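Heads up, the thing below is written out as structure tokens.
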Amino acid sequence: MSTFQAPIGTHDVLAPQSALWEGLVATFAQYAYRYGFTLAVTPMFEEIGVFNRGIGEHSDVMTKEMYVFTDRGERTYALRPEGTASVVRAFVQHQPVTPYKAWYVTPAFRYERPQAGRYRQHHQLGVEALGSDDPAMDVEVIALAWRFYEALGLTRVRLLINSMGHAECRARYVEVLRGHLDEHREQLCDEHRASWSTNPLRVLDCKRDACVAVTNDGPSLPDFLCADCAAHFAAVRAGLASLGISSTLQPRLVRGFDYYTRTTFEFVADALGSAQNAIGGGGRYDGLTEQLGGKPTSGIGFGSGIERLLLAREAEGLTSNLINRSIDVFIVDTTGGAEATALADQLRRAGFAVERAYDARSMKSQMKAADRSGARVALLVGPQELEAGQITMRDLRSDDFETAQRRVERAGLVATLREHLSK
RNA sequence: GUGGGCGUAGCUCAGUUGGUUAGAGCGCCAGGUUGUGGUCCUGGAGGUCGCGGGUUCGACCCCCGUCGCUCACCCCA
């Protein structure tokens with residue numbers, strides 16, 4: 001047991017696992033680029049108001065999961081619990097030309113008891129699109145997520161979708177819902193019997209039988225959409241369908257954050273047996289810029305959890321790496337190491353991935369290291385090669401000693417290697 | 001926040017009803033004659049048995065506490 005360990009609910013990601021992360025992020029960056037999104041890097045902590053104004057003071061995240069701290073200047077900050085609020089704050093602050101489309105990858109912090117697929121620091125990648133309420137934008141954001149999941153090889157993913165309407169639709173619904181909950185308050189679960197009135201929508205999230213029973217015969221959100229919101233929602237669903245992306249209407253899907261309006265959605269990985277099977281989610285937040293002090297601007301985005309995406313891939317039996325991180329050449333130098341230093345520099349500048357041995361180990365030891373490195377080719381430099389101005393090139397995948405290796409001229413090494421590795 | 005399971009080498013684990021130098025496999029390091037990996041053989045390094053206290057002549061083993069891991073509830077990525 002080491003003296004220090006990673007804090008509760010956090011994890012170190014090292015090779016070979018880290019290659020999966022690299023591939024996942026690289027794939028997402030590629031897709032975001034294809035869809036016209038640019039990278040946004042924002043602080044991992046913000047004034048706490050950035051989060052509680054949008055996410056909602058009565059949400060679970062704000063009431064019991066925030067990492068809050070005071071700095072030496074006695075300013076109160078919070079580590080970000082999700083990705084959207086910071087990007088929207090940056091949008092309000094800098095007012096870029098709209099539509100503004102940004103992607104991000106970031107850690108997210110929530111003070112919860114860890115369990116399978118749930119951590120105190122997890123990582124999300126996602127996008128935000130601000131400045132358009134065109135249903136085509138909803139479709140594009142959702143399609144990006146969908147195609148990205150496809151690129152990861154995931155096949156058992158379902159898209160759940162709902163619309164919360166704009167502020168007035170939502171207010172009308174909440175009023176009726178509140179009345180319904182009031183009538184049945186004695187039947188609610190222990191937690192919500194006490195708290196149902198502060199944020200009635202939270203009760204829809206509750207999975208306890210008692211609350212489910214009450215809300216199931218309560219009012220249904222889609223019935224309260226105004227004509228505009230209903231048309232918008234229909235256009236989003238039709239757009240998705242036209243791309244071959246099927247969505248399931250989930251009338252009680254309200255999501256955990258208060259800022260959502262109109263379209264809300266969630267991606268569920270059925271391969272994950274655990275309760276933590278949501279691999280991504282998002283929606284519109286047409287009032288959020290105003291809550292953060294900006295001009296009214298509509299927006300939509302989604303976030304997806306890297307750890308859960310990897311768990312979902314594992315659960316579907318997907319083992320491909322998404323990115324090649326093997327090295328090309330391993331240099332074995334038995335003349336002391338200076339030749340390896342020079343050769344490695346030359347080859348790396350020529351574009352090869354090169355590894356070498358250190359500490360002047362024996363040839364046998366260096367060859368073992370070469371094998372372990374996964375390199376395709378070992379380059380051997382001993383006194384004989386040094387004298388002759390040559391290199392012994394050995395293909396580590398071949399098991400035939402006669403044909404596996406040959407002496408090559410050091411002068412033409414780069415070309416020789418390129419030629420050999422292309423075969 | 002509540003509850004269950006578990007903490008023995010880098011990893012996966014064994015360790016008889018408490019008995020003295022705590023083991024295995026894998027991994028790592030070094031050899032197996034004169035410059036060659038992947039197989040094989042030999043040897044070696046590496047552990048305050050999570051931590052603290054208690055019971056006992058004696059604790060990896062029993063008791064208490066504590067920290068951590070893990071799973072579940074709740075909620076979410």
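To find a chain, count down the sequence lines: A is the first, B the second, and so on, and within it residues start at 1. From a predicted model like this one, the values you see are computed outputs, not experimental measurements.
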(request) For the side chain of A:Arg113, starting at C-beta, report the closest nucleotide among B:rG37, B:rC75, B:rG3. (result) B:rG3

(request) Return the nucleotide paired to B:rC11: Watson-Crick means purine N1 to pyrimidine N3 with N6-O4 or O6-N4, wobble means G-U with N1-O2 and O6-N3, both under 3.5 Å. (result) B:rG25

(message) Counting the atoms with a prime plus P, OP1 and OP2 as sugar-phosphate, which does A:Lys368 contact under 4.0 Å by heavy atoms, base, sugar-phosphate, or nothing?
(response) sugar-phosphate

(request) Determine the Euclidean distance between corresponding P atoms of B:rA72 and B:rC57; express it in Å to zero decimal places. (result) 46 Å

(request) Check the distance between B:rC75's C1' and A:Phe257's CZ and give it to me in whole angstrom. (result) 10 Å

(request) Look at all strands and tell whether A:Leu396 reaches a base, only sugar-phosphate, or nothing, counting heavy atoms closer than 4.0 Å. (result) base

(message) Using a 4.0 Å heavy-atom cut-off, does A:Ala108 contact any base of the nucleic acid, only the sugar-phosphate backbone, or nothing at all?
(response) nothing

(message) Is any side-chain heavy atom of A:Leu347 closer than 4.5 Å to one of A:Val414?
(response) yes

(request) Using only heavy-atom distances, decide whether a donor-acceptor pair under 3.5 angstrom links the side-chain of A:Glu385 to the base of B:rG35. (result) yes

(message) Taking B:rG25 as the reference, what is the distance to B:rC40 when you measure between their P atoms (whole Å, please)?
(response) 13 Å

(message) Could you tell me the Watson-Crick or G-U partner of B:rG65, where both distances fall under 3.5 Å? Say none if there is no partner.
(response) B:rC51

(message) Return the pairing partner of B:rG19 with a 3.5 Å limit on both distances, Watson-Crick or G-U wobble; otherwise return none.
(response) B:rC57

(request) Indicate, with a heavy-atom threshold strictly under 4.0 Å, whether A:Glu82 touches base, sugar-phosphate, or nothing. (result) nothing

(request) Between B:rG38, B:rA77, B:rG35, spot the one nearest the side chain of A:Asp371, thanks. (result) B:rG38

(request) With the side chain of A:Gln384 defined as its heavy atoms from C-beta on, choose the nearest nucleotide among B:rC74, B:rG35, B:rA30. (result) B:rG35

(message) With heavy-atom distances below 4.5 Å as the criterion, would you say the side chains of A:Met164 and A:Thr261 are in contact?
(response) no

(request) Can you figure out which of B:rG35, B:rG1, B:rA30 approaches the side chain of A:Ser365 most closely? (result) B:rA30

(request) Please report, rounded to the nearest Å, how far the C1' atom of B:rA77 is from the CG atom of A:Leu272. (result) 11 Å

(request) Kindly point out which of B:rC74, B:rG37, B:rU70 is positioned nearest to the side chain of A:His11? (result) B:rU70

(request) Measure up the A:Tyr259 and A:Tyr285 rings against each other and bin them: parallel (under 30°), tilted (30 to 60°), perpendicular (over 60°). (result) perpendicular

(message) Under 4.0 Å, counting only non-hydrogen atoms across every strand here, what does A:Ala116 touch: a base, just sugar-phosphate, or nothing?
(response) sugar-phosphate

(request) Using the six-membered ring wherever Trp is involved, compare the ring planes of A:Phe265 and A:Phe302 and label them parallel, tilted or perpendicular (cut-offs 30° and 60°). (result) tilted

(message) On RNA chain B, does the nearest nucleotide to A:Ala6 precede the nearest nucleotide to A:Gly305 from the 5' side, or the other way round? Give the residue.
(response) A:Ala6

(request) Could you tell me the separation between the CZ atom of A:Arg208 and the P atom of B:rC74, rounded to a whole number of Å? (result) 6 Å

(request) Report yes if at least one side-chain N or O of A:Arg397 is closer than 4.0 Å to OP1 or OP2 of B:rG37; otherwise report no. (result) no

(request) Could you check A:Gly382 against A:Gln124 and say which one's nearest nucleotide on RNA chain B is further toward the 5' end? (result) A:Gly382

(request) For B:rC75, take OP1 and OP2 only and decide whether either is under 4.0 Å from a side-chain N or O of A:Ser59. (result) no

(request) Kindly say whether A:Ser298 contributes a backbone atom to a donor-acceptor pair with the side chain of A:Asp133 at under 3.5 angstrom? (result) no

(request) Remember a base hit wins even if backbone is also touched, and classify A:Gly126 as base, sugar-phosphate or nothing at under 4.0 Å, heavy atoms. (result) nothing

(request) Considering only atom P, compute the distance from B:rG5 to B:rC41 and round it to an integer number of Å. (result) 43 Å

(message) Please verify the inter-ring angle class for A:Tyr67 with A:Tyr111; under 30° counts as parallel, over 60° as perpendicular, anything in between as tilted.
(response) perpendicular

(message) Ignoring hydrogens and geometry beyond distance, is the side chain of A:Gln121 in donor-acceptor contact with the base of B:rA77 at under 3.5 Å?
(response) no

(request) For B:rG54 and B:rA14, measure between their P atoms and round to the nearest Å. (result) 30 Å

(message) Quick check for you: among B:rC74, B:rG35, B:rC69, whose closest atom lies nearest to any side-chain atom of A:Ile8?
(response) B:rC69

(request) State whether the distance check finds a donor on one side and an acceptor on the other, under 3.5 Å, for side chain A:Glu65 versus base B:rC75. (result) no

(request) Could you work out the separation of B:rU16 and B:rC62 based on their P atoms and round it to a whole Å? (result) 10 Å

(message) Check the phosphate of B:rC73 against A:Gln115, side-chain N and O only, distance under 4.0 Å to OP1 or OP2. Yes or no?
(response) yes

(request) Ignoring backbone atoms, establish whether A:Arg406 has a side-chain N or O less than 4.0 Å from OP1 or OP2 of B:rU36. (result) no

(request) Could you state the atom-to-atom distance from CG of A:Leu253 to P of B:rC75 in whole Å? (result) 13 Å

(message) Has A:Arg178 got a side-chain atom pairing as donor or acceptor with A:Ser197's backbone, closer than 3.5 angstrom?
(response) yes

(request) Could you check which nucleotide pairs with B:rU2 in any of the strands shown, counting Watson-Crick or G-U wobble with both distances under 3.5 Å? (result) B:rA72

(request) Considering only atom P, compute the distance from B:rA59 to B:rC67 and round it to an integer number of Å. (result) 25 Å

(message) Would you measure the distance from the P atom in B:rG35 across to the matching atom in B:rC51 and give it in whole Å?
(response) 48 Å

(message) Within the 4.0 Å heavy-atom criterion, would you say A:Gln276 contacts the bases, only the backbone, or no part of the nucleic acid?
(response) base

(message) Which residues pass the salt bridge (Lys or Arg N to Asp or Glu O under 4.0 Å) test with A:Arg113, not counting sequence neighbours?
(response) none

(request) For B:rC28, take OP1 and OP2 only and decide whether either is under 4.0 Å from a side-chain N or O of A:Arg372. (result) yes

(request) Rounded off to whole Å, could you give me the CE-to-P distance for the A:Met363 and B:rU36 pair? (result) 7 Å

(message) Rounded to whole Å, please give me the gap between CZ in A:Phe302 and P in B:rA77.
(response) 12 Å

(request) Output every pair passing ring-ring contact (aromatic ring centres under 6.0 Å, His included) with a member in residues 201-225 of chain A, not counting sequence neighbours, ordered by first then second residue. (result) A:Tyr173-A:Phe224

(message) Could you tell me how far B:rU66 sits from B:rA9 if I compare only their P atoms? Round to whole Å.
(response) 24 Å

(request) Send over the distance from A:Arg120 CZ to B:rU70 P, rounded to a whole Å. (result) 11 Å

(message) Please pick, from B:rA30, B:rA77, B:rG37, the nucleotide with the shortest atom-to-atom distance to any side-chain atom of A:Arg361.
(response) B:rA30

(message) Under 3.5 Å for both donor-acceptor distances, Watson-Crick or wobble: does B:rG38 have a partner, and if so which one?
(response) none

(message) Tell me the interatomic distance from A:Asp12, atom CG, to B:rG10, atom C1', rounded to whole angstroms.
(response) 15 Å

